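This report refers to the structure that appears directly beneath it.
Bear in mind that the values here come from a model prediction, so they are computed numbers and not experimental data.
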Amino acid sequence: MCYKGSISKEERKLMGYGNKGKKGIRTIQPSYNVNAFSNPAIPIVAQDSPDYITTATWGLVPFWGKRDPEKFLKDSKYTLNARGEDFWETKSYKPYVQEGRCVILFDGFYEPHTFSSNKKQPFYCYVPNDAGDYNSRSILPIAGIYSIMDDEYYVSLVTTEANDFFAKVHNVKKRMPLVLDDKLVEEWIKPEQSKSVIDDLVRKGFTSKEFHAHAVSNDIYKRDFVRDGKDVIDPVQPIQNIF
DNA sequence: CCAGACGTTGTT
DNA sequence: GTCTGG
DNA sequence: CCAGACGTTGTT
DNA sequence: GTCTGG
């Protein structure tokens with residue numbers, strides 16, 4: 001993406017990650033068009049309450065924006081992603097790397113591909129379940145960091161250098177969301193986790209599950225695109241095969 | 001010392 | 001609120 | 001992404 | 001050769 005993902009499972013199906021239910025007033029709507037730029041409500045598992053699914057706002061609000069978080073997000077669309085390689089040094093994020101790690105629960109996300117013709121196409125990226133096609137997808141625990149203002153959680157998605165697969169998809173910026181291996185989620189959200197382990201997870205914690213990706217309609221990158229139904233991820237003919 | 005940033009990668 | 005850059 | 005640095009510390 | 005700064 002790292003600005004657009006999908007949440008299509010009903011919340012209770014996410015409960016494998018939060019076995020005591022959910023926190024937060026807002027409900028999370030299933031959507032195939034979860035757009036970071038509109039600061040949507042997304043499900044996370046936070047280090048301060050690992051037994052719950054917490055509703056968070058996509059867009060981290062640092063301490064200097066706490067007087068008016070909504071204004072901060074409206075004016076500043078630059079805390080949607082946090083670079084894992086840099087987040088200990090950046091002013092906005094560094095207080096929250098130790099205090100506020102979480103996983104964001106998506107079941108897919110979109111990455112742009114640029115062809116040699118300079119034409120672009122978005123690709124929907126996901127891990128199929130046993131059935132093997134895009135209609136049944138695994139939940140992806142994506143590393144995030146969050147701040148809390150007045151009990152509301154504000155979260156930024158952690159990105160890292162693309163692996164071989166994602167370098168083929170997101171072939172210009174070569175970045176990818178840090179999708180953690182299921183068995184490392186606990187390590188990531190352990191509150192007293194050490195800096196060196198956190199850095200190791202950023203570098204080497206990416207899931208070993210096999211991703212799939214297929215081209216989808218370019219409509220999803222239009223500013224006024226609001227449809228969020230399942231047909232959004234229907235495959236279209238790629239301009240060229242990218243693998 | 002003060003001003004300005006504070007962030008990362010989408011665009012149809 | 002705090003750091004960076006000029 | 002490309003250009004430019006890449007380093008440390010004497011004295012008056 | 002690799003990192004940093006613009």
Open item on the list: Over all strands shown, is Thr79(A) touching base, sugar-phosphate only, or nothing at heavy-atom distances under 4.0 angstrom?
Closed with: nothing
- [ ] On DNA chain B, check which nucleotide each of His113(A) and Phe87(A) is closest to and give me the residue with the more 5' one.
- [x] Phe87(A)
Open item on the list: So, OP1 or OP2 of dT8(B): does either fall under 4.0 Å of a side-chain N or O from Arg83(A)?
Closed with: no
TODO: Can you figure out which of dT8(B), dT12(B), dG7(B) approaches the side chain of Lys222(A) most closely?
DONE: dT12(B)
Open item on the list: Regarding Asp68(A) and Lys71(A), does a basic nitrogen lie under 4.0 Å from an acidic carboxylate oxygen?
Closed with: no
TODO: Using the six-membered ring for Trp and the full ring for Phe, Tyr or His, decide whether Trp64(A) stacks on the six-membered base ring of dC6(B) (centres under 5.5 Å, planes under 30°).
DONE: yes
- [ ] Select one nucleotide: of dT8(B), dG1(C), dT12(B), the one nearest the side-chain heavy atoms of Thr90(A).
- [x] dT8(B)
Open item on the list: Measuring from the side chain of Phe37(A) (C-beta onward, heavy atoms only), which nucleotide among dT12(B), dT8(B), dG10(B) has the closest atom?
Closed with: dG10(B)
- [ ] Rounded to the nearest angstrom, tell me the gap between atom CD1 in Ile220(A) and atom C1' in dT11(B).
- [x] 10 Å
Open item on the list: Applying the 5.5 Å / 30° rule, does Phe63(A) stack onto the base of dG1(C)?
Closed with: no
Open item on the list: Output the rounded distance in Å from OH (Tyr78(A)) to P (dG10(B)).
Closed with: 18 Å
Open item on the list: What is the separation between atom CZ on Arg67(A) and atom P on dG1(C), rounded to the nearest whole Å?
Closed with: 8 Å
TODO: Nearest whole angstrom, please: distance from the C1' of dG10(B) to the CG of Asn171(A).
DONE: 14 Å
Open item on the list: Measure CG/Leu80(A) against P/dT11(B) and give the value in whole Å, please.
Closed with: 15 Å
- [ ] Take atom CD of Glu89(A) and atom P of dT4(E), then tell me their distance rounded to the nearest Å.
- [x] 11 Å
Task: Rounded distance (Å) that lies between atom C1' of dG10(B) and atom CG of Asp224(A) - done: 14 Å
TODO: Would you tell me whether Thr57(A) and Tyr153(A) have side-chain atoms, one donor and one acceptor, within less than 3.5 Å of each other?
DONE: no
TODO: Select base, sugar-phosphate, or nothing to describe what Ser156(A) touches, counting heavy atoms under 4.0 Å on all strands.
DONE: nothing
Open item on the list: Taking pairing as Watson-Crick or G-U wobble with both contacts under 3.5 Å, can you name the mate of dG1(C), or confirm there isn't one?
Closed with: dC6(B)
Task: Side-chain donor-acceptor pair present, Ser8(A), Arg137(A), cut-off under 3.5 Å - done: yes
- [ ] Return yes if the base of dT9(B) and the side-chain atoms of Asn81(A) contain a donor-acceptor N/O pair under 3.5 Å, otherwise no.
- [x] no
Open item on the list: Which heavy atom of Trp88(A) sits nearest to which heavy atom of Lys195(A), and what is that distance?
Closed with: CZ2-CG, 3.5 Å
- [ ] Taking only the side-chain heavy atoms of Ser92(A) (C-beta and beyond), determine which of dT9(B), dG7(B), dT12(B) contains the nearest atom.
- [x] dG7(B)
Task: Salt bridge present between Glu85(A) and Arg175(A) (N-O < 4.0 angstrom) - done: yes
TODO: Find the distance Leu73(A):CG to dG7(B):P and express it as a whole number of Å.
DONE: 14 Å
Open item on the list: From the set dT12(B), dT4(C), dT9(B), return the single nucleotide nearest to any side-chain atom of Lys91(A).
Closed with: dT4(C)
Task: Nearest to side-chain heavy atoms of Lys4(A), which nucleotide of dC3(C), dG10(B), dT8(B) - done: dG10(B)
Open item on the list: If you count heavy atoms of other groups shown closer than 6.0 angstrom to CG of Asp151(A), is the number above 12?
Closed with: no
